[in-house]
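Every value quoted in this text rests on a predicted model; they were computed, and no experiment measured them.
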Amino acid sequence: MPIPLVNSVASWFLKKRIHQMELFIKYPNEVQEELLKNLIYKAKNTEFGKKYDFSSIKSYAEFASRVPIQQYEDYQACIERSRQGENNIFWPTPIKWFAKSSGTTNAKSKFIPVSEDSLELCHYNAGKDLLCIYLSNNPQSQLFTGKSLRLGGSKKIYRTNGTSYGDLSAILIDNMPFWAEYSSTPSNDVSLLHDWEVKMPAIVNETKKEKVTSLAGVPSWMLVLLNNVLEATGKQSLFEVWPSLEVYFHGGVSFEPYGPQYNKILPREDFRFYEIYNASEGFFACQDRNDSKDLLLMLDYGIFYEFITMDTYGSESEKVVPLSEVETGKNYAVVITTNAGLWRYKIGDTVRFTSTSPYRIKVSGRTKHHINVFGEELIIENAEEALKKVSLVTNCEIVDYTVAPIFMEGREKGAHEWIIEFKNEPRDFEQFKTELDLALQSVNSDYEAKRYNNMTLNMPRIHQAREKLFYDWLKKNGKLGGQHKIPRLSNSRCYLEELLEMNK
């Protein structure tokens, strides 16, 4: 399709969709209430709908009082039946796809249902909306004059009993219309390669010759790919390889630790970074303003939102509230009801609202990825902010890290133990340790209180990881590829002990 025609079509779609977004921004709670009613009505004759008598539910209050909060273990038996080909269990239309995720539950692997509704109305619509928002904010964009370099998961699509499973990114690529491949690179064949160490050079070889105008993928793995591109081409900047590159759409992990490294290889002030918040369960939010640090919650993708206040999470007095009752500045666990048949489902993420008009959020961490052994309530957001501060002060660059507690023994006080892989290490590790401790105290008052006069916590202990330690750990555990992440914070020492052993 000629570029002028593409731009005309995009402009028409953009204006139409921006108007729809304005509606859910203006009437957010009404949109969410109507969405919940539609989900309940559609699923009333499913096994799940009959169990909780969806036909008689008339309000959110009735829904919340009747349907329990769920996690993956509660769903596992139903999902296994669905994977074997049974229909109408928790959603009325057949579930053909399951997004496989290692997740953070007790199950070895999670298989998240992906319905045709969620595929089209959530995941694919989100991709279109992201382009709409970006083009609306950047009307001079030349995005459609080139291709998007997408970096997805490395798993195959496996088919059995009439259903399929694999990484969500692989499912999305496998089901895209044939014409979508012409605007993306690498090709589907290369994108879906299973062996990550074969896939990486294949992507480099295929994409370095293309006209790439945008990037899309998880920051950690995208950085590995882009550094390989520079090494293969002998260039210092990605603009020497792709002069028309203008934006990077990223999500999956915090961008903060990687920001300085991206600025080095993308040294142009007008280059844009756009953050998204998605998961196997759905697409939830995206950056809607240039240079913003928060994300607009998308309210019309077939996902109804509830939130658990983290100060009550897991307790007998656990408090669950709808979107209309959230407050800015508080930390919440996210609960979703979706058009793939997940009902009041904990996704394991925590968010903090920065605005309620419109509803904008920051992803603050994971419900299981935090440290609270000594009452310090350290979350990933705290760790990322502190590392950003100390990196600037000590002029170092961090590749990856993980943190675990040192438990109290006898009269010995506890502490946090870090293992950090540096791209550029600090000149003075004692200064780095001191600055990190002070930075953590500045962003987390609970940590500060426990560190006061070494009352409960001693100074952190820090180990320098050898080069590629975290890469080798992921490889050893069969987790190489676009959607796998390093466990950042844990109340257990299992990840840290394994990494320390490999670091000898």
Practice task
Could you point out which residue of Y274, Y134, Y262 forms a ring pair (Phe, Tyr, Trp, His ring centres under 6.0 Å) with Y248?
Solution key: Y262
So, taking the atom named [atom1] in [X] and the one named [atom2] in [Y], what distance separates them when rounded to the nearest 0.5 Å?
X: F48; Y: F90; atom1: CZ; atom2: CZ; result: 10.0 Å
X: S82; Y: N87; atom1: OG; atom2: CG; result: 7.0 Å
X: K388; Y: I398; atom1: NZ; atom2: CD1; result: 12.5 Å
X: I336; Y: I347; atom1: CD1; atom2: CD1; result: 5.5 Å
X: L342; Y: Q71; atom1: CG; atom2: CD; result: 13.0 Å
X: L36; Y: L323; atom1: CG; atom2: CG; result: 12.0 Å

Exercise for the section: Using the salt bridge (Lys or Arg N to Asp or Glu O under 4.0 Å) rule, take E116 and K96 through it: C-alpha gap first, then chi angles, then the decisive distance, then the call. Expected result: CA-CA 8 Å; E116 198 162 322; K96 302 176 185 176; 3.7 Å; yes
Handout entry: Beyond-backbone contact of K147 with T207, side-chain heavy atoms, under 4.5 angstrom
Key = no
Measure up the [X] and [Y] rings against each other and bin them: parallel (under 30°), tilted (30 to 60°), perpendicular (over 60°).
X: F273; Y: F255; value: tilted
X: Y332; Y: F307; value: perpendicular
X: W343; Y: W91; value: tilted

Check this for me: does any side-chain nitrogen of one of [X] and [Y] sit under 4.0 Å from a carboxylate oxygen of the other?
X: D117; Y: K42; value: yes
X: E275; Y: K293; value: no
X: K58; Y: E62; value: no
X: K346; Y: E73; value: no

Run the side chain to side chain contact (heavy atoms under 4.5 Å, CB included) test against [X] and tell me which residues pass, sequence neighbours left out.
X: E385; result: K389, V443
X: N175; result: W97, L119, Y124, I171
X: P68; result: Y52, Q70
X: D400; result: Y258, F470, I486, R488

Show the nearest heavy-atom pair for residues [X] and [Y], with the distance to one decimal.
X: I303; Y: G282; result: CD1-CA, 4.2 Å
X: M298; Y: C286; result: SD-SG, 4.0 Å
X: L489; Y: A383; result: CD1-CB, 4.0 Å
X: E421; Y: L469; result: OE1-N, 3.5 Å
X: S184; Y: R150; result: CB-NH1, 3.5 Å

I'd like to know if the side chain of [X] pairs up with that of [Y] as donor and acceptor (distance under 3.5 Å, no hydrogens or angles considered).
X: N331; Y: S364; value: yes
X: S191; Y: N188; value: no
X: N290; Y: N138; value: yes
X: S490; Y: S492; value: no
X: R66; Y: S56; value: yes
X: E281; Y: T338; value: no
X: E246; Y: S214; value: no
X: D129; Y: Y301; value: yes
X: T309; Y: T312; value: yes
X: S115; Y: T93; value: no

Practice task
Carefully, step by step, assess I95 and V114 under the rule side chain to side chain contact (heavy atoms under 4.5 Å, CB included).
Solution key: CA-CA 6 Å; I95 306 291; V114 180; 5.8 Å; no
Practice task
Name all pairs fulfilling the salt bridge (charged side-chain N to carboxylate O under 4.0 Å, His left out) condition that reach into residues 294-317, sequence neighbours left out, sorted by first residue then second.
Solution key: R17-D300, R289-D294, E306-R344
Exercise for the section: Could you pull out all residues at least two apart from D291 that satisfy side chain to side chain donor-acceptor pair (under 3.5 Å)? Expected result: R272
Handout entry: Residue from V326, L296, T354, L295 passing side chain to side chain contact (heavy atoms under 4.5 Å, CB included) with Y359
Key = V326
Practice task
With ring pair (Phe, Tyr, Trp, His ring centres under 6.0 Å) as the test, would you mind laying out the steps for F54 and Y41 before giving the verdict?
Solution key: CA-CA 7 Å; F54 278 9; Y41 178 80; over 10 Å; no
Handout entry: Aromatic F111 / basic R83 pairing, under 6.0 angstrom, 45° off normal
Key = yes
